[in-house]
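What follows is a short report on a single structure.
Atom set for the values below is all heavy atoms of this structure, side chains included, hydrogens, waters and symmetry mates excluded.
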Amino acid sequence: MSGKLIVFEGVEGCGKTTQMQMCSLWLETQGVSVILTREPGGTELGSHLRRLLLEKSEDKPVGEVTELLLYAADRAQHIEQELKPNLAVGKYILCDRYTDSTIAYQGYGRGLSMSIINQLNNIATDGLESDLTIWLDVDVEVGLSRKRGQATLDRIEQETIAFHRRVQQGYTELAATYPSRIFRVDGSLSQEVVQKMIQEILKARLFNS
């Protein structure tokens with residue numbers, strides 16, 4: 001595959017959407033063809049799954065294993081329909097969340113079996129890994145306060161602070177485990193400084209390789 005898969009990860013309110021948009025504009029100035037996408041919701045099927053996963057239901061909550069399987073189904077469809085075809089024709093894909101989110105949220109956050117999560121990720125991705133993952137690291141309470149100031153919180157955003165702290169711990173351990181793939185960026189800095197740091201990482205890891 002000649003394209004690149006660049007994933008943006010982090011806790012709620014870390015600034016992924018803004019940084020992806022800024023990064024897309026910058027990459028286009030470098031002569032790169034860019035696709036913006038997300039998980040869940042990067043396909044027509046995924047958009048329906050996203051609604052099921054993120055809408056709050058008090059009387060009929062989504063089970064934890066059900067949640068995990070729905071994310072895996074979304075990912076399998078996304079890879080088959082969007083990621084692989086676009087990578088094959090040389091596109092640079094900026095993806096809002098990927099496999100590390102499942103490990104952080106369903107593994108660390110929910111406490112589900114890492115063995116099962118890894119198996120499902122392997123099945124869904126068919127071995128497709130990110131070329132580079134940008135982890136926007138912000139304090140959980142800072143991120144959630146940003147979200148509260150923007151819109152109504154979805155089902156995941158409404159989880160307990162303890163849940164979100166476990167998710168953050170997951171990202172911390174993932175970054176320590178995969179230092180050649182996951183790069184930490186301090187998401188508490190200004191948008192312009194964060195973007196500059198991301199650009200420098202991309203220049204060093206992708207354009208000079």
Shortest non-hydrogen separation from S188 to D186 and the atoms involved: OG-OD1, 2.6 Å

Exceeds 12 heavy-atom contacts within 6.0 angstrom, atom CD of Q30: yes

If we only count heavy atoms from C-beta on, is the E141 to S145 side-chain gap below 4.5 Å? no

In this structure, CZ of R181 is separated from CZ of R205 (nearest 0.5 Å) by 11.5 Å

One thing to verify: whether R155 and E12 come together as a salt bridge, which I'm taking to mean a side-chain N less than 4.0 angstrom from a carboxylate O. no

Nearest heavy-atom neighbours spanning V138 and G187: CG1-C, 3.2 Å

Test of understanding: clusters of I, L, V, M, F, W, Y form through side-chain heavy atoms closer than 4.5 Å, transitively. Do L70 and I123 belong to the same one? no

V62 backbone acceptor or donor facing T66 side chain under 3.5 Å: no

Over all heavy atoms of both residues, which pair between M20 and T37 is shortest? Give the atoms and the distance, please. CE-O, 3.6 Å

May I ask whether I161 and F163 are part of the same hydrophobic cluster, defined by side-chain heavy atoms of I, L, V, M, F, W, Y residues being less than 4.5 angstrom apart, directly or through others? yes

Applying the 4.5 Å side-chain criterion to the ILVMFWY set and letting contacts propagate, would L69 and I117 be lumped into a single cluster? yes

From CD1 (I198) to CD1 (I6), nearest 0.5 Å: 10.0 Å

Judged by atom type as modelled, is there a donor-acceptor pair below 3.5 Å linking the side chain of E200 to the main-chain atoms of M197? no

If you take all heavy atoms of S2 and A88, which pair is closest and at what distance? OG-O, 3.8 Å

In short, L202 meets C23 closest at the heavy-atom pair CD2-SG, 3.7 Å

More than 12 heavy atoms of other groups within 6.0 Å of E173 CD: yes

Heavy-atom distance under 4.5 Å between the side chains of L83 and L128, does that happen here? yes

In terms of side-chain heavy atoms, does Q168 have a donor or acceptor partner in D137 at a distance below 3.5 Å? yes

Please report the closest heavy-atom contact between N121 and T125, naming both atoms and the distance. O-OG1, 2.8 Å

If you measure from OG on S113 to CD on Q106, what distance do you get to the nearest 0.5 Å? 12.5 Å

Using the rule that two of Ile, Leu, Val, Met, Phe, Trp, Tyr join whenever any of their side-chain heavy atoms come within less than 4.5 Å, decide whether L206 and L25 are in one cluster. no

Nearest 0.5 Å please: distance from the NZ atom of K16 over to the CG atom of D96. 3.5 Å

Quick one: do F8 and V142 end up in the same hydrophobic cluster if we chain Ile, Leu, Val, Met, Phe, Trp and Tyr together by side-chain heavy atoms under 4.5 Å apart? no

Donor-acceptor pair, distance only, cut-off 3.5 Å: does the side chain of R75 make one with the backbone of Y98? yes

Look at the rings of Y105 and H164 and say which category their plane angle falls in: under 30° parallel, 30 to 60° tilted, over 60° perpendicular. perpendicular

From R166, R165, R110, residue fulfilling salt bridge (Lys or Arg N to Asp or Glu O under 4.0 Å) relative to E159: R110

Within the side chain of R50, is there an N or O that forms a donor-acceptor pair under 3.5 Å with the backbone of P40? yes

Taking atom CG of L5 and atom SG of C95, what is their separation to the nearest 0.5 Å? 6.0 Å

Please check if the number of heavy atoms outside I35 that lie under 6.0 Å from its CD1 is greater than 12. yes

Between D74 and R97, is the closest basic N to carboxylate O distance under 4.0 Å? no

Nearest-0.5 Å distance that lies between atom CD in Q195 and atom CE in M22: 4.5 Å

For S101 and Y171, does a side-chain donor sit closer than 3.5 Å to a side-chain acceptor? yes

